[in-house]
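Below you'll find the structure, written out as structure tokens, and then a few comments.
Note on naming: letters A, B, ... go to the chains in the order of the sequence lines (proteins, then strands), and numbering restarts at 1 for each one.
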Amino acid sequence: MSSGSSFFITTPIFYVNDVPHIGHAYTEVAADVLARWHRQSGDDTWLLTGTDEHGQKILRTATANGVTPQEWSDKLVREAWLPLLETIDVANDDFIRTTEERHEKNVQKFLQKLYDAGHIYAGEFEALYCVGCEEFKPESEIVTGTGELVGVKVCAIHSKPLELLQEKNYFFRMSDFQERLLTLYETRPDFVQPPSARNEVIAFVQQGLKDLSISRSSFDWGIPIPWDNTHVTYVWFDALLNYVTAVGYGENEEEFHRRWPANHIVGKDILRFHAVIWPAMLMAAEIEVPRHVFGHGWLLVGGEKMSKSKLTGIAPSEITDTFGSDAFRYYFMRAVSFGQDGSFSWEDLNARYHAELANGFGNLASRVLAMNSRYYDGTTPKPGEITDAEREIHAVVAAAATEADASVEAFHVHEALAHIWTIVDALNGYITDQEPWVLAKNDDTRERLGTVLYTATEGLRALAVLLSPVIPLATEKLWAALNAEPVLGSLASQNLRAAGVWGQLPPGTPVSVLEALFPRIESAE
RNA sequence: GGCUGGGUAGCUCAGUUGGUGAGAGCGCACGACUCAUAAUCGUGAGGUCGCGGGUUCGAAUCCCGCUCCAGCUACCA
């Protein structure tokens with residue numbers, strides 16, 4: 001429907017100090033699947049991800065490790081974050097780091113523009129300060145003391161009294177944009193998705209917006225405020241701007257207009273930054289707001305939000321080492337309703353891997369190609385007269401392709417997979433009903449056998465294309481076994497929006513026997 | 001405390017504006033089949049729809065109360 005139009009999609013940029021876990025990987029995979037789908041539908045697609053490298057925490061850990069913050073960031077990007085993308089096969093088009101010149105320089109341009117337009121002013125930031133932490137504490141880290149300190153505000157980490165300190169800060173007049181933001185949510189109901197996330201955002205803005213402190217002067221690891229180099233930019237203000245600096249804001253207008261506005265995929269914990277602060281910043285700079293901000297849910301382990309401190313954090317490689325990257329991608333896209341929280345368990349992963357990928361899709365591909373090999377000497381057979389059974393398959397494939405595309409368009413990735421899977425189920429049922437192994441025993445039913453196997457093989461072709469954004473490695477193997485590339489071109493070049501058109505794979509194409517796409521894993525937990 | 005969302009078969013979840021005997025997948029039992037990764041296909045068992053009231057000819061679906069869980073309640077990437 002939007003063929004050829006721009007589709008710019010982003011993930012949050014990783015805070016380099018974090019340790020990659022499946023939550024990060026989940027966000028990346030979701031964005032990557034959406035990007036691959038659109039790219040393969042002919043949209044002018046751009047997937048952006050990257051790292052956030054400024055701020056006091058990074059400065060501190062770098063110092064503690066005896067290196068500069070830049071060296072520290074370089075190491076983490078190289079050893080943790082870029083490898084993560086490979087582990088889960090993310091095909092990003094760009095990777096921005098907030099310490100790159102293209103970012104820093106244009107963040108300053110942005111700041112200067114807002115300053116000149118009167119959206120930024122110098123003020124006093126007053127907050128409770130913890131001497132132990134050496135920083136101002138957010139409300140969430142302040143608790144009321146007990147014992148001798150009853151009634152006193154204390155630091156949640158150190159349990160020591162906090163001091164009320166003041167610091168000169170620059171403030172962004174975010175409060176000016178309250179009404180415009182509410183109008184935005186009202187007039188574009190799909191701006192913030194899903195609806196539950198939208199409700200939270202609206203409720204938050206309705207209670208009133210305060211101006212936002214956007215500078216710090218107590219440390220220097222950040223982007224200097226252009227008109228006052230004793231201050232550096234607050235990390236969030238800095239980080240959000242990656243979405244525009246990465247596509248040419250401030251220096252390549254042509255590229256910027258080609259890409260912007262973006263679709264942001266974020267975890268719901270950082271929704272507010274993207275759905276409130278970010279659009280306000282853009283409004284101030286007279287830049288179009290994003291197309292959509294989609295807040296996905298959390299992955300729950302044992303019913304709780306996954307966390308390192310509770311030892312529920314799971315490294316993506318723990319899963320991919322056993323099940324492979326395709327299974328990782330498939331599992332989280334299929335088992336979690338995109339936008340809602342999803343419960344992860346090894347049992348569920350193992351069950352779905354075997355029931356859906358190995359027994360369902362993988363075995364289907366194996367049995368069809370094995371029969372082509374056995375009964376047709378390794379070629380795609382020629383179909384004869386069509387019956388209602390074949391017409392039913394054609395209809396299922398066409399409907400699945402259409403509905404899957406509509407689902408992806410609406411960010412409902414899990415639904416798209418459910419639609420695609422109707423093809424797997426229909427083909428397995430069709431083969432059992434038609435009993436090609438019986439047809440093969442009699443020369444009189446030779447033509448019928450050809451029809452059945454062609455139908456099944458062409459169904460695999462559609463599946464390979466439709467599933468390629470989600471399980472790129474397995475579908476590539478299938479594509480090779482179908483020997484489709486010489487006649488249809490590479491798998492990546494197949495138009496997803498035409499995937500449901502029947503009869504693309506010509507009869508007579510030589511096909512191979514297929515190794516198990518998803519081998520059973522006997523000793524899995 | 002306030003606000004939002006949710007508590008539906010063993011498990012994970014669907015259930016439009018209230019209406020034929022409450023659904024899917026997985027798991028389980030039984031049967032069919034043998035091309036295939038001991039895979040596939042079919043049938044079946046199984047549920048006080050969190051609790052208690054109310055509205056209605058009729059409620060999982062609307063209203064009230066209660067209970068439990070999760071999230072939000074601004075500077076945590």
Side-chain angles (χ1 to χ4, degrees), chain A residues 12-18 23-24 51-55 57-58 125 127 136-141 169 172 174 194-214 216 234-237 239-240 266-273 276-277 297-298 300 303-305 334-337 340-345 347-348 351-352 354-375 414-415 418 421 425 427-440 449 452-453 456 513-522:
Chain A
I13 50 177
F14 308 112
Y15 197 59
V16 286
N17 254 18
D18 286 347
H24 298 109
T51 43
D52 178 16
E53 308 181 5
H54 289 130
K57 284 186 188 171
I58 289 164
F125 179 72
F136 289 102
K137 306 305 293 183
E139 295 268 345
S140 57
E141 291 177 34
N169 273 183
F172 166 51
M174 191 161 70
S196 56
R198 175 174 180 262
N199 292 340
E200 296 269 333
V201 167
I202 290 174
F204 174 76
V205 175
Q206 278 176 337
Q207 76 180 32
L209 291 179
K210 294 192 293 199
D211 290 342
L212 184 73
S213 162
I214 61 162
R216 297 289 184 273
Y234 168 54
V235 285
W236 262 108
F237 202 88
L240 286 165
V266 303
K268 66 181 183 183
D269 49 330
I270 54 172
L271 182 68
R272 184 180 317 132
F273 294 92
V276 180
I277 297 174
W298 287 329
L300 307 177
E304 291 185 25
K305 185 190 175 190
R334 180 71 183 93
V336 179
S337 185
Q340 299 190 320
D341 290 351
S343 40
F344 168 84
S345 73
E347 290 75 13
D348 190 41
R352 281 188 183 270
H354 287 100
E356 296 167 20
L357 290 175
N359 301 348
F361 173 63
N363 182 57
L364 171 66
S366 291
R367 65 197 299 215
V368 171
L369 288 170
M371 284 190 279
N372 284 337
S373 179
R374 179 187 289 215
Y375 304 138
H414 60 294
E415 281 183 10
W421 228 255
D425 293 336
L427 286 176
N428 271 325
Y430 169 79
I431 291 168
T432 301
D433 287 346
Q434 300 305 319
E435 301 181 305
W437 49 90
V438 173
L439 299 174
L449 175 63
V452 171
L453 290 182
V513 175
L514 185 65
E515 60 175 308
L517 294 176
F518 299 97
R520 298 185 65 78
I521 299 166
E522 300 306 340

Distance check, P atoms only: B:G58 and B:G18, in whole angstrom units. 15 Å

Re B:C41: Watson-Crick or G-U wobble partner, both distances kept under 3.5 Å, found to be B:G31

A:Y375 near the nucleic acid: base, sugar-phosphate alone, or nothing, with a heavy-atom cut-off under 4.0 Å?
-> sugar-phosphate

Closest non-hydrogen contact found for A:R367 with A:N428 is NH1-OD1, 2.8 Å

Quiz item: Looking across every strand, which nucleic acid part, if any, lies under 4.0 Å from A:A370 by heavy atom: base, sugar-phosphate, or nothing?
Solution: sugar-phosphate

>> Students often get this wrong, so: under 4.0 angstrom with heavy atoms, is A:R216 touching a base, only sugar-phosphate, or nothing?
In response: base

| Would you call the rings of A:F14 and A:H24 parallel, tilted or perpendicular, where under 30° means parallel and over 60° means perpendicular? | perpendicular

**Item:** Integer angstrom distance from the P of B:G47 to that of B:G23
**Value:** 13 Å

Going 5' to 3' through nucleotides 6-13 of chain B and flagging B where a protein heavy-atom sits under 4.0 Å of the base, S where only the sugar-phosphate is that close, and - otherwise, we get ------SS

In whole angstroms, the gap separating P of B:A39 from CH2 of A:W437 amounts to 16 Å

Separation of B:U37 atom P from A:I521 atom CD1, nearest Å, is 16 Å

With B for base contact, S for sugar-phosphate-only contact and - for none (protein heavy atoms under 4.0 Å), nucleotides 40-45 of chain B reads SS----

Taking a pair to mean Watson-Crick or G-U wobble geometry with both distances below 3.5 Å, B:A36 pairs with none

If pairing means Watson-Crick or G-U wobble with both distances under 3.5 Å, then the partner of B:G46 is none

Whole-Å distance, A:Q434 CD to B:C33 C1', equals 14 Å

- Base, sugar-phosphate, or nothing: which does A:I13 touch, judged by heavy atoms less than 4.0 Å apart? base

To the nearest angstrom, the CZ-P distance between A:R198 and B:G5 comes to 13 Å

Heavy-atom closest pair (A:L212 atom, A:I277 atom, distance to 0.1 Å) is CD2-CG2, 3.7 Å

**Request:** For B:C35 versus B:U40, give the span between their P atoms, rounded off to a whole number of Å.
**Result:** 16 Å

Check your understanding: How far apart are the C-alpha atoms of A:L357 and A:L517, what are their side-chain angles, what is the distance that settles it, and do they pass the side-chain contact (heavy atoms from CB on, under 4.5 Å) test?
Key -> CA-CA 8 Å; A:L357 290 175; A:L517 294 176; over 6 Å; no

How is A:I214 classified with respect to the nucleic acid when contacts are heavy atoms under 4.0 Å: base, sugar-phosphate, or nothing? nothing

- Interatomic distance at P, B:C49 relative to B:A32, whole Å: 38 Å

* To do: Determine the Euclidean distance between corresponding P atoms of B:U4 and B:A22; express it in Å to zero decimal places.
  => 32 Å

Report task. Would you classify A:S196 as touching base, sugar-phosphate or nothing, given that sugar-phosphate means primed atoms plus P, OP1 and OP2, and contacts are heavy atoms under 4.0 Å? Result -> nothing

note: A:L439, atom CG; B:C33, atom P; distance rounded to Å ~ 16 Å

Here the distance between atom C1' of B:G25 and atom CG of A:L357, to the nearest Å, is 14 Å

side-chain hydrogen bond (donor to acceptor under 3.5 Å, both in side chains) filter on A:N359, not counting sequence neighbours, yields A:R520

A:E435 atom CD is separated from B:A32 atom C1', nearest whole Å, by 10 Å

Nearest heavy-atom approach of A:A239 to A:I13 is O-CD1, 3.7 Å

- Query: Can you tell me how far P in B:U61 sits from the matching atom in B:G54, rounded to whole Å?
  - Reply: 14 Å

Between A:R374 and A:E356, the residue closer to the 5' end of RNA chain B by nearest nucleotide is A:E356

By salt bridge (charged side-chain N to carboxylate O under 4.0 Å, His left out), A:E356 pairs with (sequence neighbours left out) A:R352

So OG of A:S343 and CH2 of A:W298: to nearest 0.5 Å the spacing works out to 15.0 Å

Rounded to whole Å, the CD-C1' distance (A:E415 to B:G15) equals 13 Å

Heavy atoms under 4.0 Å, any strand shown: does A:G208 hit a base, just sugar-phosphate, or nothing? base

field: A:V452 side chain near A:Y430 side chain, heavy-atom distance below 4.5 Å
entry: yes

The salt bridge (charged side-chain N to carboxylate O under 4.0 Å, His left out) partners of A:R374 (sequence neighbours excluded) come to none

Nearest-angstrom distance, C1' atom, B:A9 to B:C28: 12 Å

Those residues at least two apart in sequence (or on a different chain) that pass side-chain hydrogen bond (donor to acceptor under 3.5 Å, both in side chains) with A:S337 are A:H414

- Query: Taking atom C1' in both B:U12 and B:U55, what distance in whole Å separates the two?
  - Reply: 35 Å

The answer to which of A:A239 and A:N199 contacts RNA chain B further toward the 5' end, by nearest nucleotide, is A:N199

Testing B:C35, B:A74, B:U4 for proximity to the side chain of A:E200, the answer is B:U4

(request) Please work out if A:L517 contacts a base, only the sugar-phosphate, or nothing of the nucleic acid, heavy-atom cut-off 4.0 Å. (result) base

Side-chain heavy atoms of A:W437 within contact of A:I431, under 4.5 Å:
yes

